[in-house]
Participant: 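My questions will all concern the structure given below.
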Amino acid sequence: MPLGEYNPKQIEEKWYKVWLENKLFEANADDTQRPYFSVAMPPPNVTGSLHIGHALNMTLQDVIVRIRRQEGYNTLWLPGFDHAGIATQWVVTRQLEEQGINKFDLGREKFIEKVWEWVPKAKETIKKQIEKLGASCDWSKQRFTLDEGFARAVREAFTKLYSEGLIYKAPYIVNWDPKDRTAISDLEVEYKEEKGNIWYIRYPLEDGSGYIVVATTRPETMLGDTAVAVHPEDERYKHLIGKRVKLPLVNWKRKTWDGKEIDNLIPIIADDYVDPVFGTGAVKITPAHDPNDFEIGQRHNLPIVVVMDETAHMNENAGVYKGLDRYEARKKIVEDLKKEGLLEKVEEHVHNVGHSQRSGAVIEPYLSIQWFVNTKKLAKRAIEVVENGEISFIPESWKKTYLRWMYDIKDWCISRQIWWGHRIPVWYCQDCGEINVFSDDMYDNIAKKVIFNMYGDTRISQTFSLKEIANYLFSKNFTHPEKTNLEFYEKVVFKREIPQLKDETHIKSFLEENYIKVPVLFSKKEELVGFPPHVVFYLYANRYIGNSFTAKDVYEAYKKHEKEIKFIYSQIIGELKKEEIFKDIQTLEKWLTDHAYGNCEIKKIFFTETDKVFSVIEDNIVEMRYFIDLRCKNCNSLNLKQDEDVLDTWFSSGLWPFGTLGWPEKTPELERFYPTSLLVTGFDIIFFWVARMIMMGMHFMKEKPFEDVYIHALVRDEKGEKMSKTKGNVIDPLDMIELYGADALRFTLTVLAAQGRDIRLSEKRIEGYKHFANKIWNASKFVLTNLENFMVNSSIYQSVNDLDLSYEDKWILTKLQKTIEKAKDAINSYKYNEYASTLYNFFWHEYCDWYLELVKERVYKGSDKEKQIVLSVLVYVLDKSLKMLHSIMPFITEEIWQKLPYKDADYLPVAKYPEKDEKLIFEEETKLIEALKELIISIRTVRGDFNIEPSRKLNVYIKPLDDNFNKVLNKLENGIKLLAKVNELTVDKSLERPPNTVVAISKLAEAYIDISGAIDVEKELKRQEKLLKDVEKSISISEKKLSNENFIKKAPTEVVEKEKALYEELKEKAERIKAAIENLKSIFSGKEEN
RNA sequence: GGGCGGUUAGCUCAGCUGGCCAGAGCACCUCCCUUACAAGGAGGGGGUCAUAGGUUCGAGUCCUAUACCGCCCA
């Protein structure tokens, strides 16, 4: 037997490996002959595992990618992973917490190490899932948004934008999580309704003429108030605008965020934002602790006073309240206001309170200094390319959403107070305050570039050893574990050989030549030896003094390099002891003598000495370290400190479409595969990701990042609720694959992916489509089994064009061509559901239900010639069907296809996608077979209506009304017998209705069914009358239309013609039914007479 | 408050630029283990296309309003 039982697990396990081994998914940048098709996979976060939304996203991409590959495009689907700053940091933080480790105790470097331990695990899990789904992506080109090349691209992008003045620093309100001590994005804030109060507070007017009452839900922030605002048209307050009030309780000086002192007199201002109906119509303005107040503050140029620290405790600006938690402070302040008689009243109030999705802490809007991208300029081109249709959104409605947001775009805050991510490539000079932005383009030497990148990625520190460099370069790369990091730099990042870093000897001499050498000495007790000896060795190692030197040489050299030496050693050994030794030459000479061979009393010998001329003892150098001399561009100082913050994850993923192809290097991949052809993603990240990619792409590449953006829906549960772990309604794609197979899951997701609507997924659906997989399997089994029997000593045709085809062959071939065309149209307009259901209907309801059945007679009992032809057609149609279905159901189709008697490729992913063949369209024969189907169905219906078991064979007389149809009937006699369960079949053009038969009326024939006395004339009469009623109803509708002059005049002629034809047909049918009824009636009356 | 989308069979949804009697899957009812498939086959019932107007020869499809539901932005 060629095929056994359908067992998805068994077949799905083996094929992916085979495809990979044969490199079927690898795109070739050197192939410039074929047109290309490229897709950058939205990189999943390395936070855990994939959910069903990912499965949908991957499937939709894979369907198109596989089709394009089969169609012969040079196809690249580039996969990867996103380091997902906050999300990943959070996952690792929680893991550590479970072990009782606090991330602040651990410290930045150690924490990042922990994340790097976690990330490969998550990556492997996700990769396996993607493979299980069958995604045909090119793993040889996979990338990670935090890999060596991406980090370089990010620094390049940042530097460029900064130098163009498009990146700037400014104070800004962020959602601050006081528990995790980090800013979080708007997305990660969850609003919950909570009961609270509105406090009405009196702010006395400066001139003592009374007070203005403000309403607030957060009285503790009043300490940071810098204005009171009212609506400009509010008659109650108009006269007060411009006056000042005295801020209650605050009788101390406060400092603004940039260090200016201000007092407690604050202005009353007018702003449209104020809702005159809320509270008293007057609101306090706290720019540092409320986003709206911040905006108003910006508009009115108000000072900004921060009154809390990063743990949400009151700070020095809060005067007597300093050190209190914000809620304690609230209580105390309310009490104090009451005491002073400034609290007018308290009302209960339900309001939305923001909580951190992750830690649960109540979010504190908090002023901090952040980096921004000026997006107005970037948005300009990004708007144009969408407006003019260079980039199209599918469904198109998203274009509007995108544009609306882009027209009103706000500057983009790109700094995040977390540790995991691309650290901002900005170094602040500690001496002159200069802001230095560095990328590796300040080095002309490629090896130096690499070393800077390693430093920038915190793989090495600013002073480093040969060993550290070598260890890193020769260890396995994270993204491509089959490459070392050096190879990754060579093959992916810079695309050229880096001979200086090939082996340790090369690296060593390279370091010696290019970097400041920093000797590190140890005493015999293995402890780091102090400052003075290091200096001398340092001067010696860098040839600032020679092999033998006097105290004067050392003194002079030291004075010249003092700053540099002090800075470097303070980095390595912390405190610098005994600087006084370098006070003058005499003290220095004494010290040198003391530590020289022969004179040393303290047993720490560093030098030899002859006549006050010293030499270092090189054996004392335990380790030679090197120093990257990043210098301040303004004052040349080495004393730089890198920005603590990291970049928003979207800053790096915004570079994804070209960063993955090697940018900023001009790689062949970038040349070949950019712009990418398609982006498939969910609507939830249009602003976060899609918009940023378009802006970045237009800015850096001067070209759009993709042609089409297909926006798919959210996968919800069957009740339409969002899937979430807490609700427990998640459908895990792996579970589904386990139960029903990846093919069934993929088919379900594809057939449900109608444009513009959420997908409600239920397990039942997946189960249902597993039945389809089973159907494919069994139909194929039928074909292959019969083929095997036949092929023992014969062969079949690969082409069906010139065969002596029968009616049903021509019919199925025609249907196939129409299916090919319809499927192609569907997929080219991204109508996935239509694509899937077209194939489904063709395969199941045409090929299986009718063709296979009609053909069985020939397959079983035909002559060799007949068998040869029919099997050729069966295989031909199966081959084309499998090729089309492959894009949705890759595994089962490959398994079957491999068993076909001929193949145009080794594997299905690279076999040629079917094209419509006009020569295989036979309209006449198709019409005849359709009529035959109708006839058979009408006979079956009679059976049903008279409750005749299918096992009981009937005698049927058929009267064809058409010569050609007569031929078909004669030829397919046995097929009809089989399909309609007929015993004796009589076909005769001149037939009169035999007695005791029921009439089944169809287009090209009438069938008289002998139900052998079981006929109930009355029942049959009723049945026919019902049919007549239906037909007459249709006739009257048709009649109404045709009698309408306007219809005839205004409707297109083809519609009118069609209507007329329909009318004639219906009319004729009605006549025939009437005749049948008359006939029945005569029997009926005849019976009565008897 | 502004914007977008939805409301079609018991359930989940298709239905394109208006044109046969509005479709599918599941569920339901009747019959059948017929040699590819019971994960199957054959037949059947079930819809005033949310409501009210309008445009049109013709409206599930276009327009307006209303109701309800959902999402996004503020």
Side-chain angles (χ1 to χ4, degrees), chain A residues 1-3 5-6 186 273 275 291-292 295 395 397-398 400-401 404-405 408 683-684 686-687 713-714 716-722 740 744 748 751-752 754-762 764-765 767-786 825-826 829 831 833-834 836-837 840-841 844-845 848-849 852-853 856 859-860 936-953 978-981 1030-1031 1033-1038 1040-1052 1054-1056 1058-1059 1061-1063 1065-1066:
Chain A
M1 285 284 268
L3 290 175
E5 288 292 300
Y6 173 50
D186 293 343
Y273 162 78
D275 177 5
N292 295 317
E295 295 277 322
S397 57
W398 292 111
K400 235 166 136 183
T401 313
R404 196 185 306 280
W405 190 74
D408 191 31
F683 61 81
D684 46 338
I686 290 180
F687 307 142
L714 215 68
R716 297 171 178 278
D717 74 1
E718 59 217 299
K719 293 187 206 98
E721 294 198 41
K722 216 167 166 174
Y740 309 109
T748 310
V751 84
L752 291 182
Q755 287 177 11
R757 247 216 238 202
D758 287 347
I759 294 175
R760 295 197 193 190
L761 183 67
S762 75
K764 265 265 174 285
R765 289 302 281 253
E767 194 189 342
Y769 289 114
K770 187 192 173 187
H771 297 173
F772 178 50
N774 192 54
K775 192 77 183 175
I776 297 171
W777 185 264
N778 283 307
S780 305
K781 191 155 122 185
F782 168 80
V783 175
L784 291 171
T785 310
N786 287 296
D825 288 348
S829 47
K831 287 172 184 161
N833 58 326
E834 209 172 294
S837 54
Y840 178 97
N841 284 327
W844 197 320
H845 298 310
C848 292
D849 285 354
L852 253 48
E853 299 300 334
K856 273 179 179 168
V859 170
Y860 291 145
I936 290 171
I937 289 170
S938 71
I939 297 171
R940 283 171 177 171
T941 309
V942 168
R943 267 182 183 282
D945 287 349
F946 285 88
N947 279 332
I948 301 162
E949 324 76 272
S951 57
R952 202 171 121 206
K953 303 249 166 130
L978 205 70
L979 284 166
K981 301 274 180 292
D1030 288 346
V1031 173
K1033 198 177 143 200
S1034 305
I1035 290 173
S1036 75
I1037 292 170
S1038 196
K1040 216 174 114 192
K1041 274 190 190 174
L1042 289 169
S1043 61
N1044 186 331
E1045 266 180 52
N1046 283 323
F1047 176 73
I1048 307 289
K1049 256 193 270 172
K1050 292 185 182 169
E1054 56 180 71
V1055 173
V1056 177
K1058 223 169 159 187
E1059 194 62 44
L1062 177 74
Y1063 178 74
E1065 199 188 311
L1066 288 169

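Keep in mind that the numbers below use all heavy atoms, side chains included, and drop hydrogens, waters and symmetry copies. Chain naming here is simple, since letters A, B, ... match the order of the sequence lines and numbering starts at 1 in each.
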Participant: U12(B) phosphate, OP1 or OP2: any side-chain N/O from R765(A) under 4.0 angstrom?
Facilitator: no
Participant: Which value, in whole Å, describes the distance between the P atoms of nucleotides C71(B) and A65(B)?
Facilitator: 24 Å
Participant: Starting at the 5' end of RNA chain B, which residue's closest nucleotide do you reach first, N833(A) or S397(A)?
Facilitator: S397(A)
Participant: Any idea which of C73(B), G44(B), G25(B) is nearest the F687(A) side chain?
Facilitator: C73(B)
Participant: For H845(A) and G41(B), is the shortest distance between a side-chain N/O and OP1 or OP2 below 4.0 Å?
Facilitator: no
Participant: Quote, to the nearest angstrom, the C1' distance that separates G6(B) from U66(B).
Facilitator: 16 Å
Participant: Mind listing the N/O atom pairs, protein and nucleotides 36-40 of chain B, below 3.5 Å?
Facilitator:
residue: A36(B); atom: OP1; partner: K856(A); partner atom: NZ; Å: 3.4
residue: A36(B); atom: OP1; partner: Y860(A); partner atom: OH; Å: 3.1
residue: A36(B); atom: OP2; partner: Y860(A); partner atom: OH; Å: 2.3
residue: A36(B); atom: O2'; partner: N778(A); partner atom: OD1; Å: 3.2
residue: A36(B); atom: N7; partner: K856(A); partner atom: NZ; Å: 3.3
residue: A36(B); atom: N6; partner: C848(A); partner atom: O; Å: 3.4
residue: A36(B); atom: N6; partner: E853(A); partner atom: OE2; Å: 3.0
residue: A36(B); atom: N3; partner: N778(A); partner atom: O; Å: 3.3
residue: A36(B); atom: N3; partner: A779(A); partner atom: N; Å: 3.2
residue: C37(B); atom: O4'; partner: N778(A); partner atom: OD1; Å: 3.3
residue: C37(B); atom: O4'; partner: N778(A); partner atom: ND2; Å: 3.4
residue: C37(B); atom: O2'; partner: N774(A); partner atom: ND2; Å: 3.3
residue: C37(B); atom: O2'; partner: N778(A); partner atom: ND2; Å: 3.2
residue: C37(B); atom: O2; partner: K775(A); partner atom: NZ; Å: 2.8
residue: C37(B); atom: N3; partner: K775(A); partner atom: NZ; Å: 3.0
residue: A39(B); atom: O4'; partner: H771(A); partner atom: NE2; Å: 3.2
residue: A39(B); atom: O2'; partner: N774(A); partner atom: ND2; Å: 3.0
residue: G40(B); atom: OP1; partner: H771(A); partner atom: ND1; Å: 3.0
residue: G40(B); atom: O3'; partner: K775(A); partner atom: NZ; Å: 3.1

Participant: Without decimals, in angstroms, what is the distance between Y769(A) OH and G25(B) P?
Facilitator: 8 Å
Participant: Picking from G43(B), C71(B), G3(B), which would you name as closest to the side chain of I937(A)?
Facilitator: G43(B)
Participant: Once you apply a heavy-atom cut-off of 4.0 Å, does T941(A) come out as touching a base, just sugar-phosphate, or nothing?
Facilitator: sugar-phosphate
Participant: Of the nucleotides G25(B), G3(B), G44(B), which has the atom closest to the Y840(A) side chain?
Facilitator: G25(B)
Participant: Ring of F782(A), cation from K856(A) - is the NZ or CZ under 6.0 Å from the centre and inside 45° of the axis?
Facilitator: yes
Participant: Got a list of protein N/O to nucleotides 16-20 of chain B N/O distances below 3.5 Å?
Facilitator:
residue: C16(B); atom: O2; partner: K831(A); partner atom: NZ; Å: 2.6

Participant: Can you tell me the Watson-Crick or wobble partner of C49(B), both distances under 3.5 angstrom?
Facilitator: none
